[in-house]
> 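I have a structure here, written as structure tokens, and I will follow up with some questions on it.
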Amino acid sequence: MIWDQILDWFNPMIEFLVQAAKIVEKYWPMLLRGAGMTLFVSILGTIFGTVIGFIIGTIRTIPLAERGFKRGILKIINAILSAYVEFFRGTPMIVQASVIYYGSLMALGIDMDRTFAAVFIVSINTGAYMTEIIRGGIISIDKGQFEAAHAIGMNHTKTMFHVILPQVMRNILPALGNEFVINIKDTSVLNVIAVTELFFQTKSIAGNTFKYFETYFVTCLMYLAMTLIVTRILRHVERKMDGPDSFNIIPGNQMQVAKPEDLLKKK
Amino acid sequence: MEKVIDVQHLSKSFGENEILKDIDFSVGKGEVVCIIGASGSGKSTLLRCINLLEKPSGGQILYNGENILDDHHNIYAYRTKLGMVFQQFNLFNNHNVLKNCTIGQIKVLKRSKEEAEKVALKYLKVVGMDQYINAKPRQLSGGQKQRVAIARALSMEPDVMLFDEPTSALDPEMVGEVLTVMKELAKSGLTMLIVTHEMQFAGEVSNRIVFMDKGVIAEEGSPEQIFNAPKQERTKEFLKRVLK
């Protein structure tokens, strides 16, 4: 019968879903804790990384003085910062995690808290990328914005804080969202230093149940759900930052180019 | 007349390129001076040197008798005394109209928010933009942006207003509204230094016209003298080209 054939064909799939559901039923606290840790590390890592990026990106765009002591100092700092960026962009995070965690344990005798180590590694890694993103963001702001701020007497710091960086923040939001999503996924490499994030938990569950496909399938869906939700939230934030497309006209005396006599009187 | 700005032997080069050569030039209190000349003659550079957006290569700029190129001179405090209006408006894109006019007052002049808003509104009224305080720059037309930019500069209550080709980036139908505002300001006794291509406007508002050519001041004088009886050959040539 054709129905039996169709059922035969669907049976393994149904069986698979039942097994997956069983794993969820039995191990959901572990999975949730893992997902929680993944989110915790990637959120903090993205935030700290962005802060690092803003600080370093801003320092790297300070205009060089023509001569003198300040120029020398700035050049040295820039060289160090650029070495930092090159190093962390040029090596895999999984290797960085091992080097930093085991390195500090064996060479320096510091037994880092694993969660702290995780946040630390993701932060400095994200920081290296964000530095370049923010530097690009600053460079891409129209020169006229700097000039207008300077022309009303703002120094470099005030110009940055009140005029340039808010615009950079808006412009880099899509890239920031990108980094966040990458971090959610890439924290999985932290299982090498036994951070109990989602991938680590999944590995333990799969090792216990021997149901590899089912377990990883559930985890796969959990990662997808996290990244989709985060992306939606960031979109919303972007729209919020853009503000409404229209504005309110303040009703009052119609458009008269008022006589500047009062301007004279003041002087 | 009391000199507010006195430029002496000013020179400016970009690499090999000498843009300004030994400029001597001054602006008196209450004077309206228009700088005219062909593109590339150095008039914008002169204006930008005066508020140090470009660093002069040589010479002196005296502001009320003090040399502001002195190493110890506070250029940030000096700049608050000069209002600058740019060709490209350069309104702060992240702030609305009101904030554009208050942020300098609050952060640089350290005025209270209430006072800053009062001052800003007063000058926004002068330029006819007080109804638009909630608008963001991207929501305004070019002429409106430039009027807000003028209000932003006025809100700092500067001694001198510098205008760098304020109507050159505007659509023809918007030039009028900006020039009207500027004419009113000129009448009010404000000291103004204007780089412009609007010859008729220059003739109407200014006490003195400075004609620049190839990095030097070729001729200066009253509008009547410059437009009706130019002495220099190159002034005549330039005027013949632009007044057709």
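In what follows, every chain begins at residue 1, and chains take the letters A, B, ... in the order their sequences are listed. Only this structure's heavy atoms are used, side chains among them; waters, hydrogens and symmetry mates stay out.
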> Taking side chain as everything from C-beta outward and backbone as N, CA, C, O, which of these in N155(A) sits under 4.5 Å from a heavy atom of chain B? Side chain, backbone, both or neither.
both
> Which of residues 160-169 of chain A have a heavy atom under 4.5 Å from any heavy atom of chain B?
H162(A), V163(A), P166(A), Q167(A)
> Around atom NZ of K183(B), are there more than 12 heavy atoms of other residues, nucleotides or ligands at under 6.0 Å?
yes
> Of the backbone (N, CA, C, O) and the side chain (C-beta and beyond), which part of L82(B) lies under 4.5 Å from a heavy atom of chain A, both, or neither?
backbone
> Just wondering, are more than 12 heavy atoms of other shown residues or ligands nearer than 6.0 Å to CD in E173(B)?
yes
> If you take all heavy atoms of G104(B) and I152(A), which pair is closest and at what distance?
CA-CD1, 3.5 Å
> Under 4.5 Å, counting heavy-atom pairs only, tell me which of R138(B), Q87(B), Q105(B), K99(B) racks up the most with chain A.
R138(B)
> Can you name the closest pair of heavy atoms from F86(B) and A148(A) and give their distance?
CE1-CA, 3.6 Å
> Heavy-atom cut-off 4.5 Å, strictly under: side chain, backbone, both or neither for L162(B) against chain A?
neither
> In terms of heavy-atom proximity below 4.5 Å to chain A, should K55(B) be classed as side chain, backbone, both, or neither?
side chain
> Quick one: are E147(A) and M84(B) in side-chain contact, heavy atoms under 4.5 Å?
no
> Chain A heavy atoms under 4.5 Å from Q88(B): which part of the residue, side chain, backbone, both or neither?
neither
> Counting C-beta onward and ignoring hydrogens, is there a side-chain heavy-atom pair between I141(A) and N93(B) closer than 4.5 Å?
no
> Report the distance from atom CG of N90(B) to atom NE2 of H150(A), rounding to the nearest 0.5 Å.
12.0 Å
> Return the option, out of M156(B), Q139(B), R152(B), with the maximum number of heavy-atom pairs under 4.5 Å with chain A.
Q139(B)
> Looking at F14(B), I'd like to know if its CZ atom is crowded, meaning that more than 12 non-hydrogen atoms belonging to other residues, nucleotides or ligands lie closer than 6.0 Å.
yes
> Would the number of heavy atoms belonging to other residues, nucleotides or ligands and lying under 6.0 Å from CZ of R71(A) be above 12?
yes
> For the NZ atom of K158(A) and the CD1 atom of I106(B), what is their distance to the nearest 0.5 Å?
12.0 Å
> Under a 4.5 Å heavy-atom cutoff, which of N74(B), L52(B), L91(B), I75(B) has the most pairs with chain A?
L91(B)
> Is F40(A) atom CZ crowded by more than 12 heavy atoms from other residues, nucleotides or ligands, each under 6.0 Å away?
no
> Restricting to salt bridge (charged side-chain N to carboxylate O under 4.0 Å, His left out), what partner residues turn up for K113(B), sequence neighbours left out?
E117(B)
> Answer yes or no: are there more than 12 heavy-atom neighbours, outside F120(A) itself, under 6.0 Å from its atom CZ?
no
> Heavy atoms only, distances under 4.5 angstrom: which of T80(B), I103(B), L109(B) has the most pairs with chain A? Name it, please.
I103(B)
